Amino acid sequence: FYLFVVITYQNPDITNNIINFLSGFVDPERIDSLKFRFDNENILLEKAKQQLFLGWGGYGRNFVVKADEWGETKTVVDSLWIITIGSLGLLGLISLFSSVFLPVISLLNTKSPVKVWDKAEFAAPGVLSLVLLMYSVEILVNAPVLPHITLIMGALTGYVLAPNRRNSSWGGRTKLAISSSVSSTT
């Protein structure tokens with residue numbers, strides 16, 4: 001939701017409202033850090049909107065640089081989402097968040113309905129899903145590229161796409177297993 005609002009409207013009032021809300025709970029030094037991040041994101045997002053769909057590509061073309069002979073960067077790039085939209089555009093941003101959210105959504109829709117969340121078989125996929133959801137929050141403010149997150153995405157995707165070949169405590173056999181056992185008994 002935050003990304004949609006920031007990309008679509010890019011209204012400073014949105015970030016100011018967030019900062020004002022957090023001012024009552026968070027140390028002023030941390031608030032200044034957050035304001036610095038928001039200011040840099042706004043500058044970088046303006047640049048990213050010039051090549052919105054496919055981005056600027058590599059080699060730092062998505063950075064905002066000073067117009068002097070040294071070409072130093074004016075901004076600090078701090079969040080993975082702003083790096084992604086600047087270099088790979090909306091296509092890259094959608095791909096990034098799809099790779100994080102689709103395994104979790106697929107898991108909850110296909111293999112793990114709510115009635116099995118208290119079963120032991122759901123523990124590992126459930127915890128891995130929570131790790132991915134926490135990572136999705138982390139990449140809004142930082143730029144961690146963590147190999148184990150990629151491994152978790154692949155593991156959950158593989159788990160979701162794998163056929164269910166054994167009895168489980170919440171669904172029994174798959175249709176394929178039932179139909180093969182019926183045909184062998186007749």
Side-chain angles (χ1 to χ4, degrees), residues 1-19 21-22 26 29-110 125 128-162:
F1 177 73
Y2 167 74
L3 292 180
F4 174 76
V5 171
V6 169
I7 292 169
T8 306
Y9 300 108
Q10 197 174 0
N11 186 342
D13 291 339
I14 296 167
T15 54
N16 289 337
N17 288 339
I18 294 171
I19 289 170
F21 174 75
L22 292 175
V26 181
E29 186 176 308
R30 296 289 94 214
I31 294 295
D32 291 341
S33 173
L34 185 63
K35 183 171 179 3
F36 178 77
R37 287 175 184 233
F38 284 157
D39 292 342
N40 280 290
E41 283 180 2
N42 287 334
I43 294 167
L44 290 164
L45 193 55
E46 276 300 313
K47 172 84 181 225
K49 284 185 175 182
Q50 296 171 7
Q51 298 286 332
L52 186 60
F53 293 106
L54 296 176
W56 285 95
Y59 305 107
R61 290 178 288 205
N62 58 324
F63 299 152
V64 177
V65 296
K66 294 178 184 175
D68 62 4
E69 62 185 86
W70 302 104
E72 297 174 2
T73 59
K74 288 171 130 177
T75 55
V76 176
V77 184
D78 212 8
S79 306
L80 186 58
W81 79 268
I82 198 71
I83 295 169
T84 304
I85 196 168
S87 59
L88 301 172
L90 278 178
L91 182 65
L93 189 66
I94 290 168
S95 298
L96 172 67
F97 279 94
S98 294
S99 66
V100 173
F101 286 124
L102 282 179
V104 176
I105 293 168
S106 299
L107 174 73
L108 296 176
N109 283 336
T110 60
L128 293 177
S129 296
L130 286 176
V131 169
L132 286 183
L133 293 175
M134 288 188 294
Y135 179 73
S136 69
V137 174
E138 174 73 8
I139 61 179
L140 292 177
V141 292
N142 292 315
V145 178
L146 307 171
H148 62 279
I149 295 295
T150 306
L151 181 66
I152 291 171
M153 290 178 205
L156 277 179
T157 302
Y159 177 76
V160 167
L161 295 177

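Remember, predicted model here, so these are calculated numbers, not experimental data.
Rounding to the nearest 0.5 Å places OH of Tyr159 at 8.5 Å from OG1 of Thr110. Taking CG from Leu52 and CG from Leu90, the interatomic distance works out to 4.0 Å, rounded to the nearest 0.5 Å. To the nearest 0.5 Å, atoms NE2 (His148) and CG (Leu128) are separated by 10.5 Å. Rounded to the nearest 0.5 Å, atoms CD (Glu41) and CG (Leu34) are 8.5 Å apart. The CG atom of Leu156 lies 11.5 Å from the CG atom of Leu102; values are rounded to the nearest 0.5 Å. Here CG of Leu93 is found 9.0 Å from CG of Leu80. Values are rounded to the nearest 0.5 Å.
Listed by first and then second residue, the salt bridge (Lys or Arg N to Asp or Glu O under 4.0 Å) pairs that reach into residues 137-154 come to none, sequence neighbours excluded. For the salt bridge (Lys or Arg N to Asp or Glu O under 4.0 Å) condition, no pair includes a residue of residues 82-97, sequence neighbours left out.
Looking at Tyr135, its side chain does come within 3.5 Å of a backbone N or O of Pro144 through a donor-acceptor pair. With hydrogens and angles ignored, the 3.5 Å screen pairs no side-chain donor or acceptor of Asn62 with any backbone N or O of Trp56.
Counted within 6.0 Å of CD on Gln50, heavy atoms from surrounding residues, nucleotides or ligands total more than 12; the atom is thus considered enclosed.
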Task: Chi angles and distances behind the side-chain contact (heavy atoms from CB on, under 4.5 Å) call for Phe36, Asn40 - done: CA-CA 6 Å; Phe36 178 77; Asn40 280 290; 3.2 Å; yes
Task: Residue pair Trp81, Leu45: steps toward the side-chain contact (heavy atoms from CB on, under 4.5 Å) verdict - done: CA-CA 10 Å; Trp81 79 268; Leu45 193 55; 4.3 Å; yes
Task: Test log, rule side-chain contact (heavy atoms from CB on, under 4.5 Å), inputs Val104 and Leu133 - done: CA-CA 8 Å; Val104 176; Leu133 293 175; 4.3 Å; yes
- [ ] Verify side-chain contact (heavy atoms from CB on, under 4.5 Å) between Ile82 and Ile85, making sure each step is shown before the conclusion.
- [x] CA-CA 5 Å; Ile82 198 71; Ile85 196 168; 4.0 Å; yes
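When all heavy atoms of Gly86 and Ala48 are compared, the closest pair comes out as CA-CB, 3.9 Å. Pairing each heavy atom of Pro103 with each of Ser99, the nearest pair is CD-O, 3.4 Å. The two residues Ser79 and Ala143 come nearest to each other via the heavy atoms C-CB, 4.1 Å.
The shortest side-chain heavy-atom distance between Leu54 and Leu88 does not fall under the 4.5 Å cut-off. Put simply, the side chain of Arg37 does not reach to within 4.5 Å of the side chain of Leu140, judged on heavy atoms.
Residues satisfying the side chain to side chain donor-acceptor pair (under 3.5 Å) test with Ser87, not counting sequence neighbours, are none.
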